[in-house]
**Q** 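The following block contains the structure, expressed as structure tokens.
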Amino acid sequence: MLVASWNVNNVIRRLDHLLDWLGRYRPDVVALQELKAQTEAFPRDALRQAGYESLVVGQRTWNGVALLARGHDIIEVSSALPGDTSDKQARYVEAAINGVLFACLYLPNGNPQPGPKFDYKLRWFDRLRKRAEGLWACGEPVVLLGDWNVVPTDADIYKPDTWRDDALLQPEARKAFADVLEQGWTDAIRATHHAQVPFTFWDYRRNRWERNAGLRIDHILVSAQFKVNDAGVHKEERGKESPSDHAPVWAQLELRRTPRATRPAAKDRIPPHRARRP
DNA sequence: ATGTCATTTGAGAAATGA
């Protein structure tokens, strides 16, 4: 199963690139962020003609997330991250697709820091950590993917020192990400690239694309039921004319034959009537 | 502080977010 995540930075402006990319790679499930469009304005029909059903949580001007699926229904689980009903920003959508739970997320950027925006980022991250904990424990295969707006380590950025004060590198944000990973999730890019990870974002300013001055802030985390066969970044999308400032990140996943994290193999299970005997 | 890109407000240029 090929899954991918892409912060498209305005889905309407990026529609041609998106359709072209979907046609070339045919991912099974796609998470989109920064739609910058209301739900009614989302190009649902164009995507359906390309073979994709969509579940959209849109918002005027800012934010907006969506899940796309090819050949399977999308069963909505949640259109908001639990934990704060007063939070109206469209940053989270969760759905079941072909027996797998997908959480598409767009974490707050948090700049400038310190300040209220950074506080919001950390609160949002804490709510996500709690949700991830519940999803990990539910026993189903789960994929958490999106724009996490966090550079996990200094190895995930071209030159950390010039970004040291940025919200994306703050120790509190890095710890929040590490705390989610600590639950057991596998970072698909990290697991397949080890020391030399690819970047996923290159700021529009200061010729950062031309200089490959990038950051790794888009992440795909998978639960223990999955084997990550391969993962990467479709970097060429960032080199196109009028690109998003992010490139798509992808992972080729396979369900393990024996989901050990869920339950033991049949031969190892103790029949209930014998287990109850003293 | 700057840069880039796009949008919003409100009617041109400035602020906002990323």
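Chain letters run A, B, ... following the sequence lines, proteins first, then strands; residues in each count from 1. As a basis for the values below, the full set of heavy atoms in this structure was taken, side chains included, without hydrogen atoms, waters or symmetry mates. All values reported here derive from a predicted model rather than from experimental measurement.
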**Q** Under the salt bridge (charged side-chain N to carboxylate O under 4.0 Å, His left out) rule, what pairs show up with a residue in residues 59-86 of chain A, not counting sequence neighbours?
**A** A:Asp28-A:Arg70
**Q** Are A:Tyr92 and A:Arg127 linked by a side-chain donor-acceptor pair shorter than 3.5 Å?
**A** no
**Q** Identify, with sequence neighbours excluded, every residue that meets ring pair (Phe, Tyr, Trp, His ring centres under 6.0 Å) alongside A:Phe201.
**A** A:His246
**Q** Should the pair A:Glu237-A:Lys240 be classified as a salt bridge under the 4.0 Å nitrogen-to-oxygen rule?
**A** yes
**Q** Does the ring centre of A:Phe177 sit less than 6.0 Å away from the ring centre of A:Trp148?
**A** yes
**Q** Kindly say if A:Thr61 contacts the phosphate of B:dT7, meaning a side-chain N or O under 4.0 Å from OP1 or OP2.
**A** no
**Q** Assign a letter to each nucleotide of nucleotides 10-18 of chain B from its 5' end: B, base within under 4.0 Å of a protein heavy atom; S, sugar-phosphate only; -, no contact.
**A** -------SB
**Q** Take atom CZ of A:Arg206 and atom C1' of B:dC5, then tell me their distance rounded to the nearest Å.
**A** 16 Å
**Q** How many Å lie between CZ on A:Arg211 and P on B:dT4, as a whole number?
**A** 12 Å
**Q** What integer distance in Å separates A:Asp203:CG from B:dT2:P?
**A** 15 Å
**Q** Given the C1' atoms of B:dG12 and B:dA1, what is the spacing between them in whole Å?
**A** 25 Å
**Q** Out of B:dT9, B:dG3, B:dA6, which has the shortest distance to the side chain of A:Arg13?
**A** B:dA6
**Q** Regarding A:Lys36 and A:Asn9, do their side chains bring together a donor and an acceptor under 3.5 Å, going by distance alone?
**A** yes
**Q** Atom CD of A:Glu210 to atom P of B:dT4: distance rounded to whole Å?
**A** 11 Å
**Q** Provide the distance between the two C1' atoms, one in B:dT4 and one in B:dG10, to the nearest whole Å.
**A** 24 Å
